[in-house]
Amino acid sequence: MSNDGIKDAQTVAADGRMLRETIHGVQLHEMQNIVTRNGITTEVVRPEWDIGRLAIHHMIHVALRPHAISAWHCHHLQTDRIFVTDGTLRIVLFDDRETSPTKGKLDVLHLGRMRPATILIPPFVWHGIQNLENQHSSFINFFDRAYCYRAPDEWRLPADTDRIPYRFPAS
């Protein structure tokens with residue numbers, strides 16, 4: 001029998017941390033669930049974590065319907081920090097920034113409540129989110145700038161745009 005397959009690269013460290021090179025400026029901070037006598041507690045943001053150094057000026061909670069896709073969008077001023085509160089999400093990032101050392105890089109992450117992490121997405125990085133569950137999934141998003149009703153810092157492309165080399169699979 002020949003061994004013509006491709007060997008897997010290491011994706012997880014011995015301590016359980018995910019190993020990955022992210023888009024320039026994107027940060028992923030994994031944390032532990034803390035099992036208590038009456039439930040589970042998870043820290044989401046702390047000021048001593050790199051991901052927690054930006055001030056929080058606005059926070060939203062989003063619930064996505066089963067298999068829903070929210071794509072594509074980016075911001076020119078605002079930084080997103082996303083934490084999944086329920087379910088499992090596919091979060092896809094695309095770096096289209098002209099001066100970025102990772103221009104053209106695509107990242108696909110699967111984040112969920114069972115493996116808590118907060119992801120920081122800097123301005124000008126396109127991102128889309130897909131609910132992978134047969135039920136609602138939800139997340140909170142902490143912004144470093146409050147939403148401006150008169151001039152929203154929201155830039156959008158359709159989910160099937162040719163500008164981003166990714167197609168969300170049907171669930």
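Keep in mind the model is a prediction, meaning the values are calculated, not measured.
Annotation: His73 is not in aromatic contact with Trp126 [ring centroid separation under 6.0 Å not met].
Counting heavy atoms from C-beta outward, Arg163 and Asp96 have side chains that approach closer than 4.5 Å.
In terms of heavy atoms, Pro47 sits closest to Arg53 at O-CG, 3.6 Å. Heavy atoms only, all atoms of each residue included: Met31 and Glu43 are closest at CG-O, 3.2 Å. Here the shortest heavy-atom pairing between Asn131 and Pro66 reads ND2-CA, 3.5 Å. Across all non-hydrogen atoms, the minimal contact from Leu89 to Leu132 is C-CD1, 4.2 Å. The two atoms that bring Val108 and Tyr166 nearest to each other are CG2-CE1, 3.8 Å, heavy atoms only.
Atom CD1 of Ile119 sits about 7.0 Å away from atom CD1 of Ile82, to the nearest 0.5 Å. To the nearest 0.5 Å, the span separating CD on Gln78 from NE2 on His57 amounts to 11.5 Å. The distance from the CG atom of Asp80 to the CZ atom of Phe139 is 8.5 Å, given to the nearest 0.5 Å. Taking CD from Glu21 and CG from Asp107, the interatomic distance works out to 9.5 Å, rounded to the nearest 0.5 Å. To the nearest 0.5 Å, atoms CD1 (Ile129) and CD1 (Ile69) are separated by 11.5 Å. Interatomic distance, Arg97 CZ to Phe124 CZ, rounded to the nearest 0.5 Å: 9.5 Å.
Using a 3.5 Å distance cut-off with no hydrogens or angles, the side chains of Arg90 and His110 do pair a donor with an acceptor. No side-chain donor from either of His58 and Asp144 sits under 3.5 Å from a side-chain acceptor of the other. No hydrogens or angles considered: a donor-acceptor pair under 3.5 Å links the side chains of Ser138 and Thr85. Asp95 and Ser100 form a side-chain donor-acceptor contact under 3.5 Å, judged by distance and modelled atom types alone. Side chain to side chain, His136 and Asp86 fail the donor-acceptor criterion of an N or O pair below 3.5 Å. Using a 3.5 Å distance cut-off with no hydrogens or angles, the side chains of Arg113 and Asn33 do pair a donor with an acceptor.
Around the CD atom of Glu30, the shell of radius 6.0 Å holds more than 12 heavy atoms that belong to other residues, nucleotides or ligands.
Taking the six-membered ring where the residue is Trp, His75 and His127 present tilted rings, their angle falling between 30° and 60°.
With hydrogens and angles disregarded, a donor-acceptor distance shorter than 3.5 Å links the side chain of Arg167 to the backbone of Thr161. For Gln27 (side chain) and Ile121 (main-chain N/O), no donor-acceptor pair under 3.5 Å exists by modelled atom type. Put simply, the side chain of Thr118 gets close to the backbone of Val44: a donor and an acceptor are under 3.5 Å apart.
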